[in-house]
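Remarks on the structure that follows.
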Amino acid sequence: MRAVGRGLLRVLLPLHAMRQTAHLAKQEAQRTRENVVVLRKLASQAQRAVTGIKEQPAKGQTLPAEPEDVSFAQAMAQRGPDAMSIPELRRSFVARKRMALAMAAVFALAALMQIAWGLVKPSVGALFFGLLCLASSQPLCFVLALSAHFRIWQLDNRRLSRAEKGGLADFRREVPRWWLAVLDPEFGRGRKDRS
């Protein structure tokens with residue numbers, strides 16, 4: 001009987017559960033405060049990185065060193081023993097680029113079908129959704145393909161650092177009609193890379 005009485009009392013007056021909830025809420029609040037401090041530091045670092053403003057160290061502290069501008073040969077030498085070879089890396093980036101281009105084609109087809117449906121059955125919602133899908137998916141897929149193609153260009157030219165002229169601005173300057181090169185799925189070049 002006592003067990004039933006205690007169980008009934010805990011259901012009617014859940015003091016233990018309320019205490020536990022309050023304790024967990026305090027722990028979460030403390031963890032949230034700590035996370036906010038970390039996020040503020042990261043946000044200020046990101047803002048300084050974007051704006052180029054150098055951080056002033058606090059009294060008695062020193063700033064961390066800037067990341068090195070590593071050359072292509074140094075980056076390849078620093079890789080682990082189980083890392084992919086350069087031809088394997090190239091094939092991997094070509095596969096990523098093809099996947100991004102395939103995603104762009106699928107999204108474009110779906111968006112155009114939605115737009116056509118919105119025109120056939122006059123529906124502003126369908127038309128808006130198709131245009132939104134087209135306007136949001138194509139730039140994203142292009143950026144994914146650009147990222148992969150840029151890495152392919154770096155691997156092909158064996159350039160990575162600023163001194164080697166391996167940056168995105170160098171890529172855009174040196175590759176004529178680079179936006180068309182990004183859209184090329186490189187189907188004919190895959191066989192050459194396998195040898």
Side-chain angles (χ1 to χ4, degrees), residues 35-58 61-111 131-195:
N35 288 341
V36 166
V37 170
V38 170
L39 287 174
R40 282 186 182 145
K41 287 180 184 177
L42 290 174
S44 65
Q45 289 173 358
Q47 185 177 16
R48 282 190 302 277
V50 168
T51 59
I53 298 171
K54 299 288 185 191
E55 182 181 1
Q56 297 298 324
Q61 292 182 345
T62 59
L63 286 176
E66 292 285 324
E68 291 183 33
D69 199 17
V70 180
S71 72
F72 184 84
Q74 289 171 332
M76 291 296 121
Q78 290 174 356
R79 297 180 319 146
D82 58 340
M84 290 190 279
S85 66
I86 292 175
E88 289 172 331
L89 277 171
R90 190 182 196 293
R91 281 192 294 273
S92 171
F93 285 120
V94 168
R96 285 185 193 181
K97 179 180 169 181
R98 288 177 184 165
M99 185 63 71
L101 294 174
M103 283 181 5
V106 167
F107 282 130
L109 181 64
L131 289 172
L132 181 66
C133 182
L134 194 63
S136 61
S137 66
Q138 297 310 298
L140 175 64
C141 291
F142 181 80
V143 168
L144 292 173
L146 172 63
S147 172
H149 187 77
F150 173 59
R151 293 299 181 192
I152 293 167
W153 176 80
Q154 286 180 321
L155 288 170
D156 289 347
N157 293 297
R158 307 287 199 262
R159 293 192 264 174
L160 185 63
S161 67
R162 289 183 190 154
E164 296 172 322
K165 297 191 182 212
L168 184 61
D170 302 308
F171 163 73
R172 290 176 44 203
R173 186 175 34 256
E174 292 181 18
V175 177
R177 296 188 301 191
W178 61 271
W179 58 92
L180 290 176
V182 168
L183 298 176
D184 178 17
E186 300 187 29
F187 286 125
R189 298 185 198 156
R191 290 181 182 87
K192 285 192 281 186
D193 293 330
R194 289 187 187 122
S195 56

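For the numbers below, each heavy atom of this structure counts, side chains included, while hydrogens, waters and symmetry mates do not.
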* Partners meeting side chain to side chain contact (heavy atoms under 4.5 Å, CB included) with A73 (sequence neighbours left out) -> S71
* Structure fact -> Across all chains, not counting sequence neighbours, the side chain to side chain contact (heavy atoms under 4.5 Å, CB included) partners of A110 are none
* Does R79 use its side chain to pair, donor to acceptor, with the backbone of S85 at less than 3.5 Å? -> no
* Structure fact -> side-chain hydrogen bond (donor to acceptor under 3.5 Å, both in side chains) filter on S137, not counting sequence neighbours, yields none
* To do: List for me each residue that meets side-chain hydrogen bond (donor to acceptor under 3.5 Å, both in side chains) alongside S161, sequence neighbours excluded, and say none if there are none.
  => E164
* Asked: Taking only residues two or more places apart in sequence, or in another chain, which ones meet W178 in a ring-ring contact (aromatic ring centres under 6.0 Å, His included)?
  -> none
* What is the distance from atom OG of S147 to atom CD1 of I152, rounded to the nearest 0.5 Å? -> 9.5 Å
* To do: Under the side-chain hydrogen bond (donor to acceptor under 3.5 Å, both in side chains) rule, collect the residues that match up with E174, sequence neighbours excluded.
  => R159
* Structure fact -> Applied to residues 80-110, the ring-ring contact (aromatic ring centres under 6.0 Å, His included) test, sequence neighbours excluded, yields none
* To do: Search all heavy atoms of R98 against all heavy atoms of E186 and return the closest pair with its distance.
  => NH2-O, 2.5 Å
* Do you know the tightest heavy-atom contact between L144 and A100? -> CB-CB, 3.8 Å
* **Pairwise distance CD(Q154) to NZ(K165) - rounded to 0.5 angstrom** => 15.0 Å
* Just one of M84, R91, R90 clears the side-chain contact (heavy atoms from CB on, under 4.5 Å) bar with P87, so which one? -> R91
* Could you give the distance from NE2 (H149) to CG (D156), rounded to the nearest 0.5 Å? -> 8.0 Å
* A95: what forms a side chain to side chain contact (heavy atoms under 4.5 Å, CB included) with it, not counting sequence neighbours? -> none
* Asked: Taking side chain as C-beta onward, heavy atoms only, is R151 less than 4.5 Å from L160?
  -> yes
* Results of side chain to side chain contact (heavy atoms under 4.5 Å, CB included) for I86 - residues two or more places apart only -> F72, M76, L155, R158
* Asked: Between F150 and V182, does a side-chain contact (heavy atoms from CB on, under 4.5 Å) hold up when you go through it step by step?
  -> CA-CA 8 Å; F150 173 59; V182 168; over 6 Å; no
* Just jot down the side-chain hydrogen bond (donor to acceptor under 3.5 Å, both in side chains) partners of R96, sequence neighbours excluded, or say none. => none
* Shortest non-hydrogen contact between P185 and V94, atoms and distance -> O-CG1, 4.4 Å
* May I have the step-by-step check of side-chain contact (heavy atoms from CB on, under 4.5 Å) for F171 and L168, ending in yes or no? => CA-CA 5 Å; F171 163 73; L168 184 61; 3.9 Å; yes
* Asked: For R173, what residues pass the salt bridge (Lys or Arg N to Asp or Glu O under 4.0 Å) criterion, not counting sequence neighbours?
  -> D170
